[in-house]
Amino acid sequence: RILLRLWMLATMLAAIGANGRPVPKARSSIAGGQKHSNHRVIVRYAGASAGQPTVRADIQNRVERLQAQPNVIRAQPLPQLGMAVVSLDSADAGEQLVETLQRDASVELAVPDTWVSAFDLLGSSGKGSSSTAELHRALQAVEQALPAQCSAHPACRMRGLVGDCCPTGDGMILSCCSPHSLDLISLQTHHGTYISVGPGGFVSQVAGPPRDQEKFEIFMNRDGTFSFRSHFGKYLTATEEGVVRADSEQAQDWEKFRKLENEDGTISLESFFGKYLAAEHGGPVLANRVNASLWEHFSMQQQAGPGQRLPDDPALPKLWGMHGLGGFDIDAAEGWKVWTGEVGKGITVAVIDTGIDYTHEDLSEQMWVNPLEIPGNGIDDDENGYVDDIHGADFANDDGDPMDDQMHGTHCAGTIAGIGNNDIGVSGVAWRGVRLMALKFLTASGSGRTSDAIRAIDYAVAHGAKIA
């Protein structure tokens, strides 16, 4: 089933290839001392099922016949996928081959190669086509069109869920009353102390480490503000005079704070009255400051709630999709309570991207190792066409070194299986056990060939990757 899915992905890439950008004529690659033309054709043979030995032999025979065609520089079989990649000496020769193959009943698909980019979906600024404000307006529009309570939705009632609904930006999927656990945080002041709430609602600052009194459940309100509920079930509130207490039963205007991100990675909290929360050195906690200086800077630290487990990696909050505020995440903290990857030992994930920095301190122990290759001997020990392909292969440059020179693939690899709970950097979904296979088809510019992506999938299947 897994092989079938990888085969379907390769076929899909080939099928959309005709709608991609043509490969730039100035680009070429070198393998085994032979220069490869920019002009390639991707071929998918009819009736070929992924990985069947008889099909692999048949593909090899067909590719040998392709190799004998005029103007063909190289015909590379992809036996795991029932496909082939053909390099030709000119664009005209490629067009003629496509026309010929399309008349061949044994060929399911024949398309010219195309040039793709990892950033095609991003705007010219590199930040996407929709701004945060536009997304927020879209969310508000969806919310206004939908019932506000879980009780209005049959699926939510059936699960016994209560409270507000959280529609997604596309308006198509309603993530109603997420059953995820509490979002708990602590607020550390510029002085290293923590905001603390006593039983009577008195707010002060105390030395760490944070106890229950220094932990707050954080809520994102529909207007984009945040409210903080103490361990005693009361909300943090700021009066017009700047008095700060935690004695409110409900989160109304005085219990809402606007969160501002500071350049040093801290946050500042602005009250409903436009004044900033401040922790004076050795003094009280007030909300009476017009400007946000150092005393108004706080470090918001994630804390594990009931049913959650968080690693000690200091940069984890940068991966907001793991454990974000307001339930906008994949519920990783809830998943880690049950599983952190150890039982997934032996599962190989192929990262088909810009490569992976396999020397990275959070990734080096997680890398897949080719058991049939001897490192550094300059020999293609397993005779797969790549010398010293220890951790994967580079299809953009046709060699066995998939080192990342753009870092997009390294970022993705860290999200998948960066070592967790080692007090370094970030944490991936799988803390331990999963192995990362680096398959580079995108160059430092973030772009590459569709055919190289398909070649990477064929390599992944041949070397036992279960996920790509």
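Positions are given from 1, in the same order as the sequence printed here. In what follows, every heavy atom counts, from backbone to side chain, and hydrogens, waters and symmetry copies are set aside.
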- prompt: Counting N and O atoms only, with roles assigned by atom type, does the side chain of Asp382 sit under 3.5 Å from a partner on the main chain of Leu372, one being a donor and the other an acceptor?
  reply: no

task: Dump the intermediate steps for side chain to side chain contact (heavy atoms under 4.5 Å, CB included) on Asp357 and Met407, then the final yes or no.
output: CA-CA 7 Å; Asp357 179 1; Met407 304 315 290; 4.1 Å; yes

task: May I ask you to decide if Thr450's main-chain N or O and Trp115's side chain share a donor-acceptor pair within less than 3.5 Å?
output: no

- request: For the residue pair Asn291 and Glu296, establish whether any side-chain heavy-atom pair is separated by less than 4.5 Å.
  value: no

query: Within a strict 4.5 Å, meaning less than it, do heavy atoms of the Ile419 and Ile424 side chains meet?
result: no

query: Just how far is it from atom NE2 of His297 to atom OG of Ser268, taken to the nearest 0.5 Å?
result: 4.0 Å

message: Please check: side-chain N/O of Glu214 versus main-chain N/O of Arg211, any donor-acceptor pairing under 3.5 Å?
response: yes

- prompt: Roughly how far, to the nearest 0.5 Å, is CD1 of Ile454 from CD1 of Ile42?
  reply: 4.0 Å

- request: Write down the atom of Leu439, the atom of Ala460, and the distance for their closest heavy-atom approach.
  value: CD1-CB, 3.7 Å

- prompt: Within the side chain of Arg44, is there an N or O that forms a donor-acceptor pair under 3.5 Å with the backbone of Leu81?
  reply: yes

- prompt: Got a second to check how far Arg74's CZ is from Arg40's CZ, nearest 0.5 Å?
  reply: 8.0 Å

Close side-chain approach of Val203 to Ile195, heavy-atom, < 4.5 Å: yes

statement: Taken in chain and number order and not counting sequence neighbours, the residues that satisfy salt bridge (charged side-chain N to carboxylate O under 4.0 Å, His left out) with Glu361 are none

query: Is a side-chain N or O of Asp380 found less than 3.5 angstrom from the main chain of Gly385, in a donor-acceptor match?
result: yes

Any donor-acceptor N/O pair, His463 side chain to Asn370 backbone, under 3.5 Å: no

- prompt: Quick one: does Ile356's side chain get under 4.5 Å of Met367's, heavy atoms only?
  reply: yes

message: Give me the atom names and distance for the closest heavy-atom approach of Gln80 to Val461.
response: OE1-CG1, 3.5 Å

field: Atom of Ala396, atom of Thr443 and distance for their closest heavy-atom approach
entry: CB-CG2, 4.0 Å

query: Between Met437 and His391, is any pair of side-chain heavy atoms under 4.5 Å apart?
result: no

- request: For the residue pair Leu294 and His281, establish whether any side-chain heavy-atom pair is separated by less than 4.5 Å.
  value: no

message: Testing the basics here: between Glu270 and Tyr276, what is the closest heavy-atom pair and its distance to 0.1 Å?
response: CB-CE2, 3.9 Å

- request: List in chain and number order the residues that pass ring pair (Phe, Tyr, Trp, His ring centres under 6.0 Å) with Phe257, two or more places apart in sequence or in another chain; answer none if no residue qualifies.
  value: none

- prompt: Under 3.5 Å, side chain of Asp329 to main-chain N/O of Asp331, donor-acceptor pair present?
  reply: yes

message: Rounded at 0.5 Å granularity, tell me how far CG in Asp452 sits from CG in Asp398.
response: 6.5 Å

Non-hydrogen atoms of Asn221 and Ser227 that approach each other most closely: ND2-OG, 3.0 Å

message: How long is the straight-line distance from CD1 of Ile218 back to CZ of Phe228, given to the nearest 0.5 Å?
response: 4.0 Å

- request: Walk me through it: do Arg229 and Glu255 pass the test salt bridge (charged side-chain N to carboxylate O under 4.0 Å, His left out)?
  value: CA-CA 9 Å; Arg229 186 162 63 185; Glu255 291 73 43; over 6 Å; no

- request: Decide side chain to side chain contact (heavy atoms under 4.5 Å, CB included) for Ile330 and Val429; before the verdict, give the C-alpha distance in whole Å, the side-chain angles of both, and the deciding distance to 0.1 Å.
  value: CA-CA 10 Å; Ile330 64 171; Val429 173; 4.1 Å; yes

statement: Sorted by chain and residue number, the salt bridge (charged side-chain N to carboxylate O under 4.0 Å, His left out) partners of Asp313 (sequence neighbours excluded) come out as none

- request: May I have the step-by-step check of ring pair (Phe, Tyr, Trp, His ring centres under 6.0 Å) for Tyr194 and Phe216, ending in yes or no?
  value: CA-CA 11 Å; Tyr194 289 86; Phe216 295 86; over 10 Å; no

field: Residues Asp113, Val85; criterion side chain to side chain contact (heavy atoms under 4.5 Å, CB included); working and verdict
entry: CA-CA 9 Å; Asp113 196 9; Val85 173; 5.9 Å; no

query: Hey, does Trp295 have a side-chain heavy atom less than 4.5 Å from the side chain of His191?
result: yes

message: Whether the side chain of Asp388 engages the backbone of Pro375 through a donor-acceptor N/O pair (distance < 3.5 Å, no angle test) should be reported.
response: no

- prompt: Salt-bridged, Arg455 to Asp458, with N to O below 4.0 Å?
  reply: no

- prompt: Going through the checks in order, is the side chain to side chain contact (heavy atoms under 4.5 Å, CB included) test met by Leu269 and Phe226?
  reply: CA-CA 9 Å; Leu269 296 174; Phe226 290 85; 5.8 Å; no

task: Please report the shortest heavy-atom distance between Gly433 and Gln366, naming the atom on each side.
output: N-OE1, 4.3 Å

message: Using the side chain to side chain contact (heavy atoms under 4.5 Å, CB included) criterion, which residues pair with Asp401? Sequence neighbours excluded.
response: Tyr358, Asp399, Met403

- prompt: Taking only residues two or more places apart in sequence or in another chain, which ones pass side chain to side chain contact (heavy atoms under 4.5 Å, CB included) with Leu319?
  reply: Met322, His411, Thr415, Val426

- prompt: Does the side chain of Val43 reach to within under 4.5 Å of the side chain of Met83, using non-hydrogen atoms?
  reply: no

query: With Lys234, which residues qualify under side chain to side chain contact (heavy atoms under 4.5 Å, CB included), at least two apart?
result: Ser230, Glu249

Donor-acceptor contact below 3.5 Å, side chain Lys440 vs main chain Thr354: yes

task: Look only at the side chain of Asp183 and the backbone of Glu217, and say whether a donor-acceptor pair between them is shorter than 3.5 Å.
output: no

query: Is the Tyr459 ring parallel, tilted or perpendicular to the Phe395 ring (thresholds 30°, 60°)?
result: perpendicular

query: What's the spacing between His323 NE2 and Glu334 CD if we round to 0.5 Å?
result: 6.5 Å

